[in-house]
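This report refers to the structure that appears directly beneath it.
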Amino acid sequence: MNRMKVCHLTVTHSETDNRIFQNECKSLAKEGYDITIIVPNVDNKILEGINIIGVKCNMHPISRVLVGSRKVYKKALGVNADVYHIHDIELFKYGIKLKKKGKKVIFDSHEDWLAYANDITWIPRLIKKLISKYLLKLYKKYLNRYDAVITVSPHILEKIELFTNHAYMITNYPKYDDNSLISFSKEDYLGRQNTLFYSGTVSNQEAILKAISYIPDITYNIAGTFSEDYKTEISKYPSWNKVNYLGYLTREELGVTFQKSTIAITLLHYHANVGFKNGTLGNTKVFDYMKYGLPLICTDFEIWKKMIIDKYKCGICVNPDNFHEVKQAIQYLINNKDEAYEMGQNAQKAVKEEFNWESQEQILVGIYKSLE
């Protein structure tokens, strides 16, 4: 029996994107599917048994919509897959073209696209409204034609279910096995210097920098990337002398840095794409932190507070714009290190029991089995 041929399409994500490559494609390849990914600006290669096809694209948003998406679509036709799995709104109309050619097509909505335009600061307000109306029209007319529509969080799923009977939620929980969790003793943790840690694209740092200016004995490690303009802006804070900027770190280097830290922090602002105060399960940062056994300080999104922090007693939720709350949370974890250690242990327990990719893999494979 021939293996079902699957082609994932993206005009925005990298070849090793965590959701697309590390989770979905690897899981499908493990099940025996023949997997190809079409991605922008890489050389053709085979990576861990998965065929990578590169398309040269200008990554400016307007160019992606008008030019890059069409290039990706043309490459996709050459693959002649049985199932196409689309990851960007820029490719939405091409998914419908593939349906018209008799292909089975999945639309994977990583974002709340109906709300997304409202969060793009450089687009004029009138244009935002036009984009939102246009996307709503597309959803009403075409979303139910997709064989499956996948998304990452309950608030997005509720919207999608208004337009299709084939909606599923597959979240971005991390992969888990016993080797991926870092085990350490309470004595080890209590002996660490007070160190706050953030990793990822560097943003939303203002409240944190204000907060640590009032805390004398603390170091703030930041790993990741940010624009030169933003770096210039936040480096003006007096507390910047407490920051140790580490740049981009590999997964192995991140693990080492986590083992030297005492608190993990991530503060996302309330905005349309995350359902404002409701929040999202699509952001992976909280779950990645939990694997390393550190107590969390995170945004008081309703879904994070209910499903993660309160349920597993693994951290403290704060208003991301209130530096007083951030300061109090940091000071509490510094002054109550025994409890902070237990919070970190609870975070690892939560990953083992619930927040792991293995639970989501079953849903993904089930969808593909239904399309065979």
Looking only at non-hydrogen atoms, find the nearest pair between [X] and [Y] and report the distance.
X    : Y    : answer
I309 : G315 : CG2-O, 3.2 Å
S199 : F258 : OG-CZ, 4.5 Å
V202 : I234 : CG1-CD1, 4.4 Å
I37  : F21  : CD1-CD1, 3.6 Å
D108 : E24  : OD2-OE2, 2.8 Å
V351 : N356 : O-ND2, 3.0 Å

So for atom [atom1], which belongs to [X], do other residues, nucleotides or ligands contribute more than 12 heavy atoms lying within a distance under 6.0 Å?
X    : atom1 : value
Y245 : OH    : yes
D217 : CG    : no
H269 : NE2   : yes
Y214 : OH    : no
K133 : NZ    : no
K26  : NZ    : yes

key: Lys/Arg-Asp/Glu bridge criterion (N-O < 4.0 Å) met for K305, D300   =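 Looking at D300 together with K305, the answer is no, because their closest N to O distance does not fall below 4.0 Å.
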
Whether the side chain of [X] engages the backbone of [Y] through a donor-acceptor N/O pair (distance < 3.5 Å, no angle test) should be reported.
X    : Y    : answer
R145 : G95  : no
K175 : Q22  : yes
K313 : D310 : yes
N41  : C57  : yes
H155 : G279 : yes
Q205 : S203 : yes
S227 : Y230 : yes
S185 : D188 : yes
K159 : A115 : no
D82  : M4   : no

message = Side chains of L98 and L77, heavy atoms from C-beta outward: is any pair under 4.5 Å?
response = yes

key: Heavy-atom side-chain contact between Y33 and E372 under 4.5 Å   =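 When only atoms from C-beta onward are counted, E372 and Y33 do touch, with a gap below 4.5 Å.
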
key: Interatomic distance, L364 atom CG to I106 atom CD1 [nearest 0.5 angstrom]   =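 Reported to 0.5 Å precision, the distance equals 7.0 Å.
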
K285 NZ/CZ over Y198 ring centroid, <6.0 Å and within 45° of normal =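 Cation-pi check for K285 and Y198: passes.
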
ask   = Residues in side-chain contact (heavy atoms from CB on, under 4.5 Å) with K210, at least two apart?
value =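 Listed in chain order: Y237, F323.
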
request  = For D34, enumerate each residue passing the side-chain contact (heavy atoms from CB on, under 4.5 Å) test, keeping only those at least two apart in sequence or located in another chain.
outcome  = R3, K5

task = Kindly determine whether Q345 and Y189 satisfy side chain to side chain donor-acceptor pair (under 3.5 Å), including the steps that lead there.
result = CA-CA 11 Å; Q345 296 300 296; Y189 181 80; over 6 Å; no

inquiry  = Suppose clustering is done on Ile, Leu, Val, Met, Phe, Trp and Tyr with side-chain heavy atoms closer than 4.5 Å. Which residues sit in the same group as Y248?
reply    = none

query = Quick one: salt bridge (Lys or Arg N to Asp or Glu O under 4.0 Å) pairs with a partner in residues 323-340, sequence neighbours left out?
reply =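 Only K186-D338 qualify under salt bridge (Lys or Arg N to Asp or Glu O under 4.0 Å).
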
Parallel, tilted or perpendicular: which describes the rings of [X] and [Y], with under 30° parallel and over 60° perpendicular?
X    : Y    : value
H8   : H87  : parallel
F107 : Y139 : perpendicular
W304 : F301 : perpendicular

inquiry  = Go through it in stages, so that I can follow the logic: the residues are D88 and T10, the test is side chain to side chain donor-acceptor pair (under 3.5 Å), and I'd like the CA-CA distance, side-chain angles, deciding distance and then a yes or no.
reply    = CA-CA 6 Å; D88 309 311; T10 178; 2.8 Å; yes

What pairs of donor and acceptor atoms, side-chain ones from residues 66-73 against any protein atom, are under 3.5 angstrom apart with sequence neighbours left out?
{"residue": "S69", "atom": "OG", "partner": "R64", "partner atom": "O", "Å": "3.2"}
{"residue": "S69", "atom": "OG", "partner": "V65", "partner atom": "O", "Å": "2.8"}
{"residue": "K71", "atom": "NZ", "partner": "K56", "partner atom": "O", "Å": "3.1"}

task = Show the numbers, then the answer: is there a side chain to side chain contact (heavy atoms under 4.5 Å, CB included) between L296 and M290?
result = CA-CA 8 Å; L296 305 171; M290 291 167 73; 3.7 Å; yes

request  = Determine, step by step, whether F184 and Y292 satisfy the ring-ring contact (aromatic ring centres under 6.0 Å, His included) criterion, reporting the C-alpha distance in whole Å, the side-chain angles of both residues, the deciding distance to 0.1 Å, and the verdict.
outcome  = CA-CA 10 Å; F184 52 88; Y292 293 100; 9.9 Å; no

task = With side chain to side chain contact (heavy atoms under 4.5 Å, CB included) as the test, would you mind laying out the steps for I330 and Y220 before giving the verdict?
result = CA-CA 11 Å; I330 296 170; Y220 182 22; over 6 Å; no

Can you give each donor-acceptor pair under 3.5 Å made by side-chain atoms of residues 165-173, sequence neighbours left out, with the distance rounded to 0.1 Å?
{"residue": "T171", "atom": "OG1", "partner": "Q360", "partner atom": "OE1", "Å": "3.2"}
{"residue": "N172", "atom": "OD1", "partner": "R19", "partner atom": "NH1", "Å": "2.7"}
{"residue": "N172", "atom": "ND2", "partner": "G282", "partner atom": "O", "Å": "2.8"}

